Amino acid sequence: MDNGLETIRVLVVDDEQDIREGSQRILNRMGFQVLQASRGEEALALLANDRAAIVLLDLKMPGMDGMDVLKEIVTMDATILVIVITGYATVETAIQAMKHGAYDFISKPFEPDQLRIVVNRAAEKVRLATEAIQLARERQRTLSDLDAEKSRTRSILEFLPNGVVVTNTDGRVVLMNPAFLHYLGISPERATGDLIDDYLPDKELCRLVKEISQGRHVDYEDIPTHEFVLENGRYLLARGQPVLGERRECLGAVLNLVDITTMKVLDRLKSEFVAKVSHELRSPLSTIHEQLAYVLNDMIAETGQEDPKDVDKQILVRAKEKTKGLISMIGDLLDLSRIEEGIICREPRPVNPEEVLKNVVEYLNVQASAKGQRLELNIPQQPLPVLTADPLALESIFGNLITNAINYTPEGGHIRVVAETAGLNVRVTVADDGFGIDAAYIDKIFERFYRVKNDKTRFITGTGLGLPIVKGLVDSLGGFIQVESVPGEGSTFTVLLPVRATAQDSV
Ligand code: ADP
């Protein structure tokens, strides 16, 4: 239907000019556009070119019979509403006209109001029909938009280099892209519909996907990434997210898989390179250090005392200190390489954490006292459970944390080491009232070579490798480390070490 909602066109077909003119005046005032015809043939010719939504049709006209005109109009366009104008007491004619498809009738002579009512009724029907058609068109458009959107999304997914798999709330796979099938060596013909466990070989990851699917992860930031290796040696990194509905209800999970095999290979090559270089540098550096010490001793023996004005000696002293720093860094780098290769914790044995802590604290107390600091160790009355670990690894963890606490706490500060049993873990906290760490750096301090540089820490020497070593060791023992810190008030490092897990389990 072409009529807009505003102007509806009405054709008045009557041989009486007065009726035509009178009707046109009334209908024009009502806002309709009006056409006139004095005979049936003329009306049909007009309608063939110019469509009208409503036709007022006199049944008694010279020439073509009114009823035939009605039939022709209905055949031409069944949506045209024909209101027949009947003569006095011709109810039968009206009924007959309705049977042939007329919409309504009005008998002659009629009052303007009667005409208004009957035409308004027809106009309302025209408007409703137009509205319905527009709505249907809109719906059709939205549906085809949706369809196009769907196929666009599908194409994007098909061509994504990352593997994507989507599950419903039961953990059943509803969508997989070709990269996912390719990564996991699944046939392209494989149907969806089974549980995620039937497609992914990693149990831990399947558990995570099911948890996400059931909406158990409220804080999406906390959803851990998961790395796993396939039988063919391919390393994949998986990131999961819930799929949310309009009311933010969980509809399932989407898992994104990235192939990180090249990165892993490069990382291993880099570690091997660092290990090799460090190893090669250590011996000559140690020799230089020893020789510097030897020359310096000789100089002191000659003059009988250290003369601060002696420039040569000062240069040598500084060179000796620098080589000492380099040797310690190389030691750290070698430790890191060993941790990465899993060598350090390869031969775990039962260790009493209390003993290790006491030794480390006693050893470092000298350093703390030199800075006027109080280093305190609190061990519970009940003996701590025995851990299965490499004792050197535990020494390194506690030693690094306590050394940091001493280094990053001003003179006269207080360091408190507490060991306790926490469920199936041993928890050790090292708390200081030192400089603290700005929240922005908390995550970074575990990265290799990262050191916070500010007015307070600038002159403290270090390599930035202590905490990466601690983290590597704690990870290899299947443990967990976390930091809480307030700048200007102090820091607390907490280490949780599982009692049962052996290092081998977790390496
Ligand atoms: P290093 O001590 O050799 O610089 P680490 O890896 O042990 O390297 O520590 C990294 C950085 O973390 C340090 O440079 C320091 O800025 C910060 N840090 C570590 N422990 C503490 C602490 N107890 N208090 C304040 N800052 C700390």
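Predicted, not measured: the structure shown is a model, and the values here were computed from it. All ligand and atom numbering here is 1-based and tracks the order in the structure.
- For ligand 1, the atoms closer than 4.0 angstrom to any heavy atom of Gly462 are 3 (O).
- For atom 7 (O) of ligand 1, the nearest protein heavy atom (residue, atom name, distance) is Asn404 ND2, 2.8 Å.
- Remark: Asp267 engages Lys270 in a salt bridge, criterion side-chain N to carboxylate O under 4.0 Å.
- When only non-hydrogen protein atoms are considered, atom 4 (O) of ligand 1 lies nearest to Arg451 NE, 2.4 Å.
- Ion pairing between Arg207 and Glu204 holds under the 4.0 Å rule for side-chain N and carboxylate O.
- The heavy atom nearest to atom 9 (O) of ligand 1, out of those in Leu467, Asn400, Asp432, is found in Leu467.
- Short contacts between ligand 1 and Pro468, defined as distances under 4.0 Å to a heavy atom of the residue, involve ligand atoms 6 (O).
- The nearest protein atom to atom 17 (C) of ligand 1, hydrogens excluded, is given as Ile445 CG2, 4.0 Å; this is a heavy-atom distance.
- Numbered from 1 in the order shown, with element, the atoms of ligand 1 that lie under 4.0 Å from a heavy atom of Val452 read 14 (O), 16 (O).
- In terms of polar-atom proximity, Phe493 is not counted as a contact of ligand 1, lacking any N or O under 3.5 Å from an N or O of the ligand.
- From the protein, the heavy atom lying nearest to atom 13 (C) of ligand 1 is Tyr408 OH, 3.4 Å.
- Checked by distance only, ligand 1 and Gly464 come closer than 3.5 Å through their nitrogen or oxygen atoms.
- For the pairing with Thr167, the side-chain contact (heavy atoms from CB on, under 4.5 Å) check across Ile196, Val174, Leu255 returns one residue only, Ile196.
- More than 12 heavy-atom neighbours from other residues, nucleotides or ligands sit within 6.0 angstrom of CZ on Arg234.
- The residues Glu362 and Lys358 are annotated as not salt-bridged, no charged nitrogen and carboxylate oxygen being separated by less than 4.0 angstrom.
- Enclosure of atom CD in Glu158 by more than 12 non-hydrogen atoms of other residues, nucleotides or ligands within 6.0 angstrom is indicated.
- With Val428 as reference, Leu357 is the one residue of Ile397, Leu357, Val418, Leu394 to meet the side-chain contact (heavy atoms from CB on, under 4.5 Å) rule.
- Between Lys324 and Glu321 there is no salt bridge, since no side-chain N of the basic residue sits under 4.0 Å from a carboxylate O of the acidic one.
- Of the polar atoms of Tyr450, none of the N or O atoms is found under 3.5 Å from an N or O of ligand 1, judged by distance alone.
- In terms of protein heavy atoms, atom 26 (N) of ligand 1 is closest to Ile437 CG1, 3.3 Å.
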